[in-house]
Amino acid sequence: MHPALFFLLFLAAIAVCACIANLLTGGMFLEVSNAKAIFCNCIYPCFVAWALCFMFACGYTDLSLGGVVVLGSFAACACGNAWGYPGLLIGSLVVGTLLVFFNFFIFAFTKIPSWIASISLAMIYEAIAVFLRANTGTRTYFAAELNRSLRGLALWPTNLIVLIIALLIIYVLYNRTGLGMNARAIGGNADVSKVLGININRTLLCIGLLCGILVGFASAIQESYNVLTTAMSGLVSLQMIYKPLAIALLAQVLQKRINIILAVPFCALIIYGIFNLMTFFGVPSGTLQDLVLGAFLILFGAIGQKGTKEVVK
């Protein structure tokens with residue numbers, strides 16, 4: 001089947017499922033307010049999912065991104081309250097970029113499996129966040145709510161414009177630049193890539209910079225949407241990447257027919273639409289909804305790795 005035809009059928013299937021969900025909820029699912037709520041919830045996870053797509057392409061997984069988002073959100077709040085929108089963006093982008101770049105520096109030069117290193121890094125970032133919240137000298141800046149006049153990034157239609165612009169840029173970077181092609185080559189076979197002249201470490205560090213920018217921007221959007229971000233400990237920050245991870249894995253399942261970058265926003269709508277529907281039916285969040293999310297992660301991961309003969313990183 002031609003990819004364009006499959007994409008149209010995919011969109012039609014989403015529309016049909018949305019109509020069925022609307023009937024099941026007595027017309028509430030597709031109400032303007034509810035549809036906007038689903039869409040607004042999808043923006044932050046899309047940026048994290050795009051970062052994960054680049055990581056998957058080069059064979060890495062970073063489980064510390066939730067901790068990075070917490071610290072990036074703290075910086076967005078403190079700098080945003082001090083300097084407005086420029087501070088909101090600069091604070092989150094600087095923190096997100098530096099931390100994810102540092103993560104990739106660890107991955108590239110220590111050769112520790114990325115999932116092991118990133119769990120350790122997640123605990124470090126959580127500890128830093130708890131310290132910033134608890135310390136009397138920093139609590140004033142990092143325990144405050146974001147000024148509500150700075151919520152524009154999370155509100156309609158600004159969030160739609162931001163998503164479209166980001167989608168176009170990320171699509172080009174992934175599919176039409178040497179960085180994206182080198183990342184996929186490294187993920188396919190790092191040894192062959194090295195023989196072909198690809199500088200492995202430099203490419204990984206560049207991917208780290210790009211993913212850091214995406215995660216930093218996600219932090220600004222997340223803080224704009226939630227206004228207040230809480231510090232987490234005991235690896236609770238991992239929960240912040242479960243849905244983005246499910247989105248990225250579902251997009252990976254579809255990538256043989258739909259470009260993975262283009263698939264991410266639609267997969268986000270599917271995931272958040274399902275959870276919104278479960279809320280309508282009274283399925284408790286934090287228990288049964290997490291059970292469903294865990295099942296999705298296993299299912300999408302298994303399908304995405306179908307046919308892979310070597311060890312999955």
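- At a threshold of 4.5 Å between side-chain heavy atoms, the hydrophobic network of Ile, Leu, Val, Met, Phe, Trp and Tyr places Ile241 and Ile119 in one connected group.
- Across Asn159, Asn41, Leu155, Leu153, a single residue satisfies side chain to side chain contact (heavy atoms under 4.5 Å, CB included) together with Tyr225, and that is Asn41.
- Remark: Arg184 qualifies as a cation-pi partner of Tyr174 under the 6.0 Å distance and 45° angle criteria applied to the six-membered ring.
- Between Phe101 and Phe104, the ring center distance fails the sub-6.0 Å criterion.
- Residues Val68 and Phe105 fall into different hydrophobic clusters, defined by Ile, Leu, Val, Met, Phe, Trp and Tyr side chains chained together at heavy-atom separations under 4.5 Å.
- The OG atom of Ser219 lies 7.5 Å from the CE atom of Met240; values are rounded to the nearest 0.5 Å.
- Taken together through direct or relayed side-chain contacts under 4.5 Å among Ile, Leu, Val, Met, Phe, Trp and Tyr, Phe107 and Ile200 form part of one hydrophobic cluster.
- In this model, no donor atom of one side chain and acceptor atom of the other lie less than 3.5 Å apart for Ser118 and Asn103.
- Considering CG of Leu269 and CD1 of Ile247, their distance stands at 9.0 Å, rounded to 0.5 Å.
- In this structure, the separation between CG on Leu9 and CZ on Arg257 is 10.5 Å, given to the nearest 0.5 Å.
- Note on Ile38 and Ile274: same hydrophobic cluster, where clusters join Ile, Leu, Val, Met, Phe, Trp and Tyr whose side-chain heavy atoms are under 4.5 Å apart, directly or indirectly.
- Interatomic distance, SG of Cys46 versus CZ of Phe39, reported as 8.0 Å (0.5 Å rounding).
- Gln222 and Thr229 share a side-chain donor-acceptor pair at under 3.5 Å.
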Would you mind writing out the side-chain donor-acceptor pairs for residues 163-173 within the sub-3.5 Å range, not counting sequence neighbours?
none

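- Distance check: Ile43 CD1 to Ile221 CD1 gives 6.5 Å after rounding to the nearest 0.5 Å.
- Clustering of Ile, Leu, Val, Met, Phe, Trp and Tyr side chains at separations under 4.5 Å leaves Trp83 isolated, with no partner residue.
- A distance of 11.0 Å separates CD1 of Ile128 from CZ of Phe74, quoted to the nearest 0.5 Å.
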